[in-house]
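Take a look at the structure below.
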Amino acid sequence: MLNIVLFGPPGSGKGTQAEKLLEKYGLKHLSTGDVLRAEKASGSDLGNRMAEIMAAGLLVPDEIVNEIVKNRIDEFAGKVPGFIFDGFPRTNEQALTLDGYLKFVGSSVTLTLFLDVPKDELVRRLLQRAIEKGRVDDTAEVIEARVVEYNTKTLAVAELYKAQGKLHVVDGMGELDEVFGRLTAIIDNALATA
């Protein structure tokens with residue numbers, strides 16, 4: 001299985017690039033952000049709890065996110081050629097949990113693609129997205145909290161994958177197709193040497 005962790009701060013283009021990668025490689029997209037927003041919109045008790053956490057720009061607790069990911073892996077393992085994990089893992093605990101889930105189905109993380117984008121560009125993109133897509137969770141205050149949360153908790157995950165030799169830092173600036181080309185060159189090389 002080809003399992004890619006698409007990694008980067010909020011607004012780095014993970015979701016946009018994931019869509020293009022899915023089309024090219026036929027993988028299953030596992031976007032925890034999409035799943036969490038859907039749960040929040042459902043109005044369930046869990047969704048309401050998550051809404052408060054997300055409104056503050058904080059990360060949803062690991063146990064909730066891990067359960068969502070495990071269910072998706074169990075549902076699709078063996079039915080798809082692999083996964084693109086978008087927005088997961090965000091903590092070292094989540095990364096280790098993901099390793100365990102994938103090992104259970106006879107697989108592992110193939111590579112991690114880190115989209116590197118300067119902070120001022122992230123803020124600009126997120127504020128623009130808020131206007132274009134009506135994303136009320138993308139206010140200047142929440143964006144700042146998300147970036148701080150990301151820098152505090154999620155950057156450590158990059159170090160974990162770097163230590164495993166699976167981290168590839170990709171320049172996330174430029175035209176969509178330029179960034180896509182950088183990503184696919186790394187993936188194609190990994191497939192060729194597997």
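Small disclaimer: the values here were computed from a predicted structure and weren't measured.
Of all the heavy atoms in Ala18 and His29, the pair that sits closest is CB-NE2, 3.5 Å. Shortest non-hydrogen contact noted between Ile187 and Leu21 is CD1-CD2, 3.7 Å. Minimum heavy-atom separation, Val148 to Thr152: O-OG1, 2.7 Å. Nearest heavy atom pair, residue Lys14 against residue Leu115, reads N-CD1, 3.8 Å. Across all their heavy atoms, Pro89 and Ala95 have their closest contact at CB-N, 3.3 Å. When all heavy atoms of Glu178 and Glu175 are compared, the pair lying nearest together is OE1-N, 2.7 Å.
Counted by atom type alone, Asp62 and Thr97 present zero donor-acceptor pairs between their side chains at under 3.5 Å.
Under the 3.5 Å distance criterion, the side-chain polar atoms of Gln94 are matched with a main-chain donor or acceptor of Arg90. Lys24 places no side-chain N or O within 3.5 Å of a backbone atom of Lys20 that could act as its donor or acceptor partner. With Arg182 contributing its side chain and Asp171 its backbone, the two residues share a donor-acceptor pair below 3.5 Å. Checked by atom type and distance alone, the side chain of Asn3 pairs as donor or acceptor with a backbone atom of Ser108 at under 3.5 Å. Of the possible donor and acceptor atoms, one in the side chain of Thr32 sits under 3.5 Å from a partner among the backbone N and O of Gly87.
Of the inter-residue distances, the one linking Ile4 atom CD1 with Phe85 atom CZ reads 10.0 Å to the nearest 0.5 angstrom. To the nearest 0.5 Å, atom CG of residue Leu122 and atom CD1 of residue Ile143 are 9.5 Å apart. Taking CD of Gln17 as the start and CG of Leu113 as the end, the distance is 10.0 Å to the nearest 0.5 Å. Distance CD/Glu144 to OG1/Thr139: 10.5 Å, rounded to 0.5 Å. Distance check: Asp34 CG to Ile68 CD1 gives 11.5 Å after rounding to the nearest 0.5 Å. For the atom pair CD (Glu121) and CG (Asp116), the distance works out to 12.0 Å, reported to the nearest 0.5 Å.
Tracing side-chain contacts under 4.5 Å through hydrophobic residues (I, L, V, M, F, W, Y), one reaches Leu111 starting from Leu22; they form part of the same cluster. Residues Phe104 and Val65 fall within the same hydrophobic cluster, defined by Ile, Leu, Val, Met, Phe, Trp and Tyr side chains chained together at heavy-atom separations under 4.5 Å. Hydrophobic cluster membership is shared by Leu98 and Phe7, with clusters built from Ile, Leu, Val, Met, Phe, Trp and Tyr side chains linked at under 4.5 angstrom. At a threshold of 4.5 Å between side-chain heavy atoms, the hydrophobic network of Ile, Leu, Val, Met, Phe, Trp and Tyr places Leu167 and Tyr150 in one connected group. Taken together through direct or relayed side-chain contacts under 4.5 Å among Ile, Leu, Val, Met, Phe, Trp and Tyr, Tyr101 and Val157 form part of one hydrophobic cluster.
For the pair Lys70 and Glu67, the salt-bridge criterion is not met [side-chain N within less than 4.0 Å of a carboxylate O]. Between Arg125 and Glu132 there is no salt bridge, since no side-chain N of the basic residue sits under 4.0 Å from a carboxylate O of the acidic one.
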Show the numbers, then the answer: is there a side-chain contact (heavy atoms from CB on, under 4.5 Å) between Thr16 and Phe180?
-> CA-CA 10 Å; Thr16 303; Phe180 182 66; over 6 Å; no
Go through the steps for Leu191 and Tyr25 under the test side-chain contact (heavy atoms from CB on, under 4.5 Å), then give the verdict.
-> CA-CA 11 Å; Leu191 290 172; Tyr25 297 102; 4.0 Å; yes
Under the side-chain contact (heavy atoms from CB on, under 4.5 Å) rule, what do Thr110 and Lys166 come out as? Steps first, then yes or no, please.
-> CA-CA 7 Å; Thr110 308; Lys166 296 180 178 181; over 6 Å; no
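Residue Glu141 places its CD atom among 12 or fewer non-hydrogen atoms of other residues, nucleotides or ligands, all under 6.0 Å distant. For Glu63, the CD atom sits in a packed shell: over 12 heavy atoms of surrounding residues, nucleotides or ligands are nearer than 6.0 Å. Atom CZ of Arg72 sits in a sparse spot, with 12 or fewer heavy atoms from other residues, nucleotides or ligands closer than 6.0 Å.
Counting heavy atoms from C-beta on, the side chains of Pro9 and Lys119 never come closer than 4.5 Å.
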